[in-house]
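Here the structure is laid out as structure tokens; the discussion comes afterwards.
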Protein chains: 2
Amino acid sequence: MSKKSTIHDIAKALNVTASTVSRALNGHPRISERTREAVEEMAKEMGYQHNQIASALRSGRSNIIGVMVPTADRSFFSRVVSGIEDEANRMGFNVIICQSNDRYENEKRNIEALLRLRVDGVIASMAKETQDYTHFAELKNKNTALVLFDRVNEKLGVNTVVLDDYLGAYQAVSHLIKQGCKRIAHFAGVQHLNIYRERLRGYKDALKDHGLPFDEQIVAYGVYIEDGFNNMKTLLQLSNPPDAVFSASDFSALGAMQTIKAHSLRIPQDVALIGFANEPFTSFLEPPLSTIDQHSHEMGIAAAQLLFEAIQNGDRQFPSRTIVLNPELLVRKSSLRV
Amino acid sequence: MSKKSTIHDIAKALNVTASTVSRALNGHPRISERTREAVEEMAKEMGYQHNQIASALRSGRSNIIGVMVPTADRSFFSRVVSGIEDEANRMGFNVIICQSNDRYENEKRNIEALLRLRVDGVIASMAKETQDYTHFAELKNKNTALVLFDRVNEKLGVNTVVLDDYLGAYQAVSHLIKQGCKRIAHFAGVQHLNIYRERLRGYKDALKDHGLPFDEQIVAYGVYIEDGFNNMKTLLQLSNPPDAVFSASDFSALGAMQTIKAHSLRIPQDVALIGFANEPFTSFLEPPLSTIDQHSHEMGIAAAQLLFEAIQNGDRQFPSRTIVLNPELLVRKSSLRV
DNA sequence: TCAAAATGCGCAACCGATTGCACAAATCTA
DNA sequence: TAGATTTGTGCAATCGGTTGCGCATTTTGA
């Protein structure tokens, strides 16, 4: 029958007031050692459990943060979430995870739910659909800390953690060129998302810096398996098909791989392939797919650290910071022509 | 500056009391149409947002449920979580996700955190390590609804949602036998978990019912890639190696596949292979891996429905229910010998 | 030795919404 | 038309901690 038991119950049992119990449990310096011990002992004895709800109401700090990702089903995001959770646990915060499923409406609805819950802060990566950012701006109005990661918007003036997508793309393409590829295609994503914009930019610059021409014709859009599958078909029908593809997504790279095999072409000899994100399945493919690791777990930790910093600073407006993580090119057989 | 704005602010502006505002916003029947409209309008105008924390404190219902999975990183679990979220959204509940990482200590700690948060209910799948169930029992003491799924404990007398693992195993093995396999190995998991116990049982029964002998020697334990990799090596060194493997996990099946290929054996001609769980990567393998789909999304929905039912029934003890979902054998090339 | 500072704890308001009870006014019933 | 209902709203307590302020009591310092 450990039904409830509140600090008042403890107080009564020890003949002190609830204030004293509260302070004792929170390690307030003005409480004597003896009282604290007595309180702690009695709390344990009565099976007391701190009521975070009540505490949140009075103190204005819920110790909950919200995390919104496009989907938890993608390994990149779930690893970031893992990192966030690790850091949150260390800091004594609870994490609420929600998914936008890449829909603007869901994203907006979730933000509102988090605001109702009075979370102390939000870490988010934007939905693919999102092009209006007022719901994020509203968080700042309501004095709720916000950190964006991966898919961010620079104009919001908010703390962000991103990968150096430009560099990742640049390295990937440079690597392909070093492997002797002369005509490198690119599978790109929607260009209103920073990450895909940067990857395209890195692709272009790498070509230019190595004296290869940029050809609009071999840049295709789409990041899902089917996109890669179909786009690759189209590319292979060109009079001068590409001898390599740098894909902004592991999934479209996978689709491409299937098409290439269906055409009985060899990877990487006929077409070399590099994806992006280091999804676990990439290492199981045949040949294993070269890709770019985004240090997702670290990204989560970094985002959480930024958030907790902001939460602790409270109102005081600091200039917003951006943490940029370095990509890591994982060279596997799909791009190794030696 | 939409800083706060409470029902009191709305009340003041309309010259009524907070009670009236609260009732109006909650659709209380004793509030006149006119008042309700006025309140709603003013609420919108003032950018009012319901404070769930305050509401939870007073009403005793937080509208939050906790979900604990071994890891969100596995597709099976993340799909279950998806299902839970869908249902929770429909019901106006928020979802807190935590991971045990298959560690008993984490599981225990998470449960305590959820209790402090005064969640209305918990949906969980047990950590591999867990063999002591008092922390789950405590939920019942504290009057918090509990639903277990997939990895459950029958003795807790709690609502559960499970797959018919026995049937799935039985079907898989029967299928292998129909394909002409005579000596079928099994990769099993720890036997204190119901799911692995049932899969082993289904494997044995299928053998028996088809007149094949059960041979302890070709049952190996372990569900990770490395386990499959190593166990397959051992099996292939037997004087009479198996001509098929039914693995209780897609991951160990994957490991086996790598070993088999390394030995230049053909799949499925030399060794047929079936996994369990329908992890997305299974369809990308070569050959694509036969496996068993667990209807994970539906499992999540079912678990959530059970939970919300229990929450709404409140104290009234109902006999605990168990929902059993049917597995679906997905026959792919790794087991198709035609 | 005595004023100043530090220590230990209680008082009571408060966070923001919910809700049982009460009560006046309006509506219904016979 | 008077009594019974119904309707619409207010009052005030409450959920369980937190916290600024105040007041003894003890300790410190010169």
Quick check against the 3.5 Å criterion: does [X] have a side-chain atom that pairs as donor or acceptor with the backbone of [Y]?
X: A/Asn110; Y: A/Gln99; result: yes
X: B/Asp120; Y: B/Ser62; result: yes
X: B/Asn63; Y: B/Gly92; result: yes

Roughly, in whole Å, what's the span from [atom1] in [X] to [atom2] in [N]?
X: B/Arg36; N: D/dT7; atom1: CZ; atom2: C1'; answer: 13 Å
X: A/Asn26; N: D/dT19; atom1: CG; atom2: C1'; answer: 11 Å
X: A/Leu25; N: D/dG16; atom1: CG; atom2: C1'; answer: 13 Å
X: B/Leu14; N: D/dT9; atom1: CG; atom2: C1'; answer: 13 Å
X: B/Arg34; N: D/dT7; atom1: CZ; atom2: P; answer: 17 Å
X: A/Asp9; N: D/dC15; atom1: CG; atom2: C1'; answer: 13 Å

Please list, chain by chain and in numerical order, all residues satisfying side chain to side chain contact (heavy atoms under 4.5 Å, CB included) with [X], sequence neighbours excluded.
X: B/Val190; result: B/Lys128, B/His192, B/Leu193, B/Tyr196
X: B/Ile323; result: B/Val161, B/Ala302, B/Leu306, B/Leu325
X: A/Ser22; result: A/Ile7, A/Asn26

For B/Arg79, all residues meeting side-chain hydrogen bond (donor to acceptor under 3.5 Å, both in side chains), sequence neighbours excluded:
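B/Arg79 satisfies side-chain hydrogen bond (donor to acceptor under 3.5 Å, both in side chains) with B/Ser75, B/Ser296 once adjacent residues are dropped.
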CA sep, side-chain torsions, deciding dist, call: B/Asp86, B/His297, side-chain hydrogen bond (donor to acceptor under 3.5 Å, both in side chains):
CA-CA 9 Å; B/Asp86 287 353; B/His297 195 263; 2.9 Å; yes
Counted 5' to 3', the first and last nucleotides of DNA chain C within 4.0 Å (strictly under) of a heavy-atom of chain A are C/dT7 to C/dG16
Show me the dot-bracket string of DNA chain C, counting Watson-Crick or G-U pairs under 3.5 Å, with | for pairs to another strand and [ ] for crossing ones.
||||||||||||||||||||||||||||||
If you look only at distance, which donor and acceptor atoms sit under 3.5 Å apart when one is on a side chain in residues 28-38 of chain B and the other is two or more places apart or in another chain?
unit_1: B/His28; atom_1: ND1; unit_2: B/Arg30; atom_2: N; d: 3.0
unit_1: B/Ser32; atom_1: OG; unit_2: B/Thr35; atom_2: N; d: 3.2
unit_1: B/Ser32; atom_1: OG; unit_2: B/Thr35; atom_2: OG1; d: 2.6
unit_1: B/Arg36; atom_1: NH2; unit_2: B/Ile31; atom_2: O; d: 3.4

Using a heavy-atom cut-off of 4.0 Å across all strands, would you classify [X] as base, sugar-phosphate, or nothing?
X: B/Thr20; value: sugar-phosphate
X: B/Ile7; value: base
X: B/Val16; value: sugar-phosphate

Looking at DNA chain D, which of residues 50-64 of chain B put a heavy atom within less than 4.0 Å of it?
B/Leu57, B/Arg58
Side chains of residues 153-160 of chain B: which donor-acceptor partners sit under 3.5 Å, not counting sequence neighbours?
unit_1: B/Asn153; atom_1: OD1; unit_2: B/Lys155; atom_2: N; d: 2.8
unit_1: B/Asn153; atom_1: OD1; unit_2: B/Leu156; atom_2: N; d: 3.3
unit_1: B/Asn153; atom_1: ND2; unit_2: B/Tyr133; atom_2: OH; d: 3.4
unit_1: B/Asn159; atom_1: OD1; unit_2: B/Arg321; atom_2: N; d: 2.6
unit_1: B/Thr160; atom_1: OG1; unit_2: B/Thr322; atom_2: OG1; d: 2.9

Under a 4.0 Å N-O cut-off, is there an ion pair linking B/Glu87 with B/Arg90?
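Here B/Glu87 pairs with B/Arg90 in a salt bridge, since their nearest N and O are under 4.0 Å apart.
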Give the table of side-chain donor-acceptor pairs shorter than 3.5 Å for residues 47-54 of chain A, with sequence neighbours excluded, one pair per line with atom names and distance.
unit_1: A/Gln49; atom_1: OE1; unit_2: B/Lys142; atom_2: NZ; d: 3.2
unit_1: A/Asn51; atom_1: OD1; unit_2: A/Ile53; atom_2: N; d: 2.9
unit_1: A/Asn51; atom_1: OD1; unit_2: A/Ala54; atom_2: N; d: 3.1

Using nucleotides 20-22 of chain D, report all nitrogen or oxygen pairs with the protein that are shorter than 3.5 Å.
unit_1: D/dG20; atom_1: O6; unit_2: A/Arg23; atom_2: NH2; d: 2.4

Angle between ring planes, A/Phe308 versus A/Phe93, binned at 30° and 60°: parallel, tilted or perpendicular?
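Answer is tilted, since the angle falls between 30° and 60°.
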Ring pair (Phe, Tyr, Trp, His ring centres under 6.0 Å) partners for A/His295, two or more places apart
none
